[in-house]
Q: 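Below are the structure tokens for one structure; questions will follow.
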Amino acid sequence: MNATAVASQGLAGIIAGESAVCSVEQGKLIYRGYEIHDLAENATFEEVAYLLILGDKPTAGQLSAFKKELAEARSLPQDVVNLIKECATAPYTHPMDALRTVVSYLAHFDPDCQDISAEAEVRKAKRLTAQIGTIIGHMQNAIDGRDIVAPDPSLSYAANLLYMMRGEKPTAEEEHIVDVSLILYAEHDFNASTFTGRVIAGTLSDLHGAITGAIAALKGPLHGGANEAAMEMLKEIGTLDNVESFMQQAFATKRKIMGFGHRVYKNGDHRADILHKLGRAYAEKKGGDAVKWFDIGERVQKIMRDEKNILPNVDFPCGMTYFVMGIPVPQYTPIFVASRITGWCAHVIEQHADRKLIRPLSSYTGPTERKWNG
Ligand code: CMC
């Protein structure tokens with residue numbers, strides 16, 4: 001290692017490259033110049049997907065052509081549908097593993113698979129974005145033991161995703177909540193999965209390979225898997241009365257509270273409040289047990305803030321919101337993929353244009369030099 005270089009644990013605070021896709025700041029989250037509250041309030045997921053993949057806000061004509069292309073690309077070859085069924089019902093599978101395998105398999109059916117020109121990358125990005133929603137829907141159908149629900153090209157990306165998973169069209173409010181969650185999840189600078197994708201793309205390997213690696217990275221509970229882990233933790237707490245003792249026990253054993261903390265945001269995640277408000281309002285209307293999960297979650301939040309000064313990230317409200325909507329917990333991170341695929345593709349396109357290998361150094365901590373026969 002270069003004697004003057006200083007190692008940073010987990011690359012914290014290191015600027016590892018340049019990007020025009022997204023800016024993650026303490027006070028703001030910006031996708032290609034547009035602030036996240038503005039996008040969550042005024043854009044749809046399809047518009048944000050276009051913005052990320054193609055670089056600018058679409059005109060009305062560009063948007064309608066883009067939506068048509070995405071809707072037409074939703075169907076999958078029969079071999080791929082068969083593999084989804086096999087993977088989703090295999091004995092030790094998690095939907096993220098199945099999604100990773102199927103995305104890798106899809107490369108074999110993509111005519112642009114080996115072409116890393118910008119034009120081919122955009123075509124593949126659109127196809128993969130459309131196909132991932134279908135994979136999630138088919139996986140859930142297979143897990144539930146029902147017939148495969150075919151995609152409905154008349155529905156928006158968010159509505160079609162819910163429809164394929166459940167076989168029933170969502171309400172306008174459910175569609176809106178999932179649409180906003182997809183906008184919030186779509187892009188986040190050099191996070192672990194995006195960086196993984198960029199490292200793969202940096203070798204000039206192909207887009208499907210980069211996305212397969214990114215999915216594997218997103219699965220972990222310190223990253224995208226936190227939305228599932230957060231909800232599993234709330235289920236473990238179970239009642240409002242248990243929160244205090246659960247938290248004290250967690251602090252005493254140094255157990256991490258899932259859905260809290262962030263490598264970059266130290267004053268809170270800009271996305272969390274947006275989703276929390278939508279999820280709580282939905283839970284209040286739904287009634288029954290639904291509000292209980294937000295009550296428990298808010299008590300956890302208060303204790304974390306008061307005792308540790310650590311705030312929730314977007315995965316915390318996401319867990320509660322998807323749960324009260326009846327979405328199966330193991331599909332939360334795959335739904336994250338259905339959104340982040342757009343940001344990942346934007347980064348792969350940028351990395352391929354850069355044509356620079358990513359190859360850092362390590363600070364060696366092994367034995368000093370020794371002789372094999374000495
Ligand atoms: N629960 C309890 N303590 C925490 C938490 C938490 N969720 N997050 C941070 N801390 C403590 C940590 O124990 C450490 O304390 P100490 O200095 O006494 O050892 C201190 O805060 C600094 O934490 P860190 O883990 O060194 O910080 P980091 O920047 O390396 O980690 C993180 C960031 C997101 C991995 C971490 O906060 C964490 O593990 N959170 C829980 C998992 C999670 O919610 N991940 C989602 C991340 S954001 C969205 C996404 O990517 O999907």
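Note that ligands are numbered from 1 as they come in the structure, with each ligand's atoms numbered from 1 the same way. It should be emphasised that the depicted structure is a prediction, and the values quoted were computed from it without experimental measurement.
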Q: Find all atoms of ligand 1 within a distance of less than 4.0 Å from any non-hydrogen atom belonging to Ile310, and give their numbers and elements.
A: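 Counting from 1, the qualifying ligand atoms are 3 (N), 4 (C), 5 (C), 9 (C), 10 (N), 11 (C), 21 (O).
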
Q: Would you mind running through ligand 1 and noting each atom that sits below 4.0 Å from a heavy atom of Phe336?
A: 52 (O)

Q: Near Ala226, which atoms of ligand 1 are under 4.0 Å from a heavy atom of that residue?
A: 43 (C), 44 (O), 45 (N), 46 (C)

Q: Look up atom CZ in Phe260 and atom CG in Asp269, then write down how far apart they are to the nearest 0.5 Å.
A: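 Interatomic distance, Phe260 CZ to Asp269 CG, rounded to 0.5 Å: 11.5 Å.
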
Q: Return a yes/no value: protein heavy atom under 4.0 Å from atom 32 (C) of ligand 1?
A: no

Q: Using 4.0 Å as the upper bound for N to carboxylate O, is an ion pair formed by Glu236 and Arg255?
A: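 Counted as a salt bridge, because a side-chain N and a carboxylate O are separated by less than 4.0 Å.
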
Q: Ion pair present between Lys169 and Glu175, side-chain N to carboxylate O less than 4.0 angstrom?
A: no

Q: Mark whether atom 37 (O) of ligand 1 lies under 4.0 angstrom from at least one protein heavy atom.
A: yes

Q: Out of Asp269, Leu222, Asn191, whose heavy atom sits nearest atom 47 (C) of ligand 1?
A: Leu222

Q: Classify the contact between Lys254 and ligand 1 as side chain, backbone, both or neither, using a heavy-atom distance cut-off of under 4.0 Å.
A: neither

Q: With a 4.0 Å cut-off, strictly under, does atom 23 (O) of ligand 1 pick up any protein heavy atom?
A: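 No, there is none.
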
Q: Strictly by modelled atom types, are Glu174 and Tyr282 linked by a side-chain donor-acceptor pair under 3.5 Å?
A: yes

Q: Give me the residue, atom name and distance of the protein heavy atom closest to atom 40 (N) of ligand 1.
A: Phe260 O, 2.8 Å

Q: With heavy-atom distances below 4.0 Å as the criterion, list the atoms of ligand 1 near Gly224.
A: 52 (O)

Q: Could you list the residues that satisfy side-chain contact (heavy atoms from CB on, under 4.5 Å) with Ala16, not counting sequence neighbours?
A: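 Expected list: Phe190, Phe195.
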
Q: Do Phe109 and His208 have ring centroids that are under 6.0 Å from one another?
A: no

Q: Show which atoms of ligand 1 fall inside a sub-4.0 Å distance from at least one heavy-atom site of Gly259.
A: 43 (C), 44 (O)

Q: If you measure only the distance, is there a donor-acceptor pair under 3.5 Å linking the side chains of Asp315 and Tyr185?
A: yes

Q: Only heavy atoms of Met258, strictly under 4.0 Å: list the atoms of ligand 1 that pass.
A: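 Close to Met258: 42 (C).
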
Q: Could you tell me, atom by atom, which parts of ligand 1 come under 4.0 Å of a heavy atom of Asp315?
A: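 Numbered from 1, ligand 1 contributes 46 (C), 49 (C), 50 (C), 52 (O).
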
Q: Return the closest protein heavy atom for atom 27 (O) of ligand 1 as residue, atom name and distance.
A: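 For atom 27 (O) of ligand 1, the nearest protein heavy atom is Lys266 NZ, 4.7 Å.
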
Q: Quick one: do Asp354 and Lys356 make a salt bridge, cutoff under 4.0 Å?
A: no

Q: Step by step, would you call Lys28 with Glu25 a salt bridge (Lys or Arg N to Asp or Glu O under 4.0 Å)?
A: CA-CA 5 Å; Lys28 277 184 178 155; Glu25 300 162 21; over 6 Å; no

Q: Is ligand 1 less than 4.0 angstrom away from at least one heavy atom of His223?
A: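 A heavy atom of His223 does come that close to ligand 1.
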
Q: Counting non-hydrogen protein atoms only, what is the nearest one to atom 48 (S) of ligand 1? Give residue, atom name and distance.
A: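 Ranked first by proximity to atom 48 (S) of ligand 1 is His262 CD2, 3.3 Å.
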
Q: Could an N or O of ligand 1 be found under 3.5 Å from any N or O of Lys256, whether backbone or side chain?
A: yes

Q: Is a donor from one side chain sitting under 3.5 angstrom from an acceptor on the other, for His270 and Glu35?
A: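 Looking only at side-chain atoms, Glu35 and His270 do not form any donor-acceptor pair under 3.5 Å.
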
Q: Would you mind finding which of Ile257, Leu311, Asn313 brings a heavy atom closest to atom 6 (C) of ligand 1?
A: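 Looking at heavy atoms only, Ile257 sits closest to atom 6 (C) of ligand 1.
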
Q: Say whether Thr333 and Asn227, considering side chains only, have a donor N or O and an acceptor N or O under 3.5 Å apart.
A: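 The criterion, which ignores hydrogens and geometry beyond distance, is satisfied for Asn227 and Thr333.
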
Q: Does atom 52 (O) of ligand 1 have a protein non-hydrogen atom under 4.0 Å from it?
A: yes

Q: Keeping Asn82 on the side-chain end and Val80 on the backbone end, is there a donor-acceptor pair under 3.5 Å?
A: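 Here the side-chain-to-backbone pair does not exist.
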
Q: Does any N or O of ligand 1 fall below 3.5 Å from an N or O anywhere on Arg263, backbone included?
A: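 Yes, Arg263 has an N/O under 3.5 Å of an N/O on ligand 1.
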
Q: Strictly inside 4.0 angstrom of atom 16 (P) of ligand 1, do you find any protein heavy atom?
A: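 Given the 4.0 Å limit, the answer for atom 16 (P) of ligand 1 is no, no protein heavy atom qualifies.
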
Q: Does a donor on one side chain sit under 3.5 Å from an acceptor on the other, for Gln62 and Glu47?
A: no

Q: Is the closest protein non-hydrogen atom to atom 10 (N) of ligand 1 under 4.0 Å?
A: yes

Q: Examine the proximity of ligand 1 to Pro221 and report which part, side chain or backbone, both or neither, has a heavy atom under 4.0 Å away.
A: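 The backbone, only.
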
Q: Which pairs pass salt bridge (charged side-chain N to carboxylate O under 4.0 Å, His left out) with one or both residues in residues 87-112, sequence neighbours excluded?
A: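 Pairs touching residues 87-112 that pass the test: Asp97-Arg100, Asp97-Lys219, Asp110-Arg127, Asp112-Arg123, Asp112-Arg127.
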
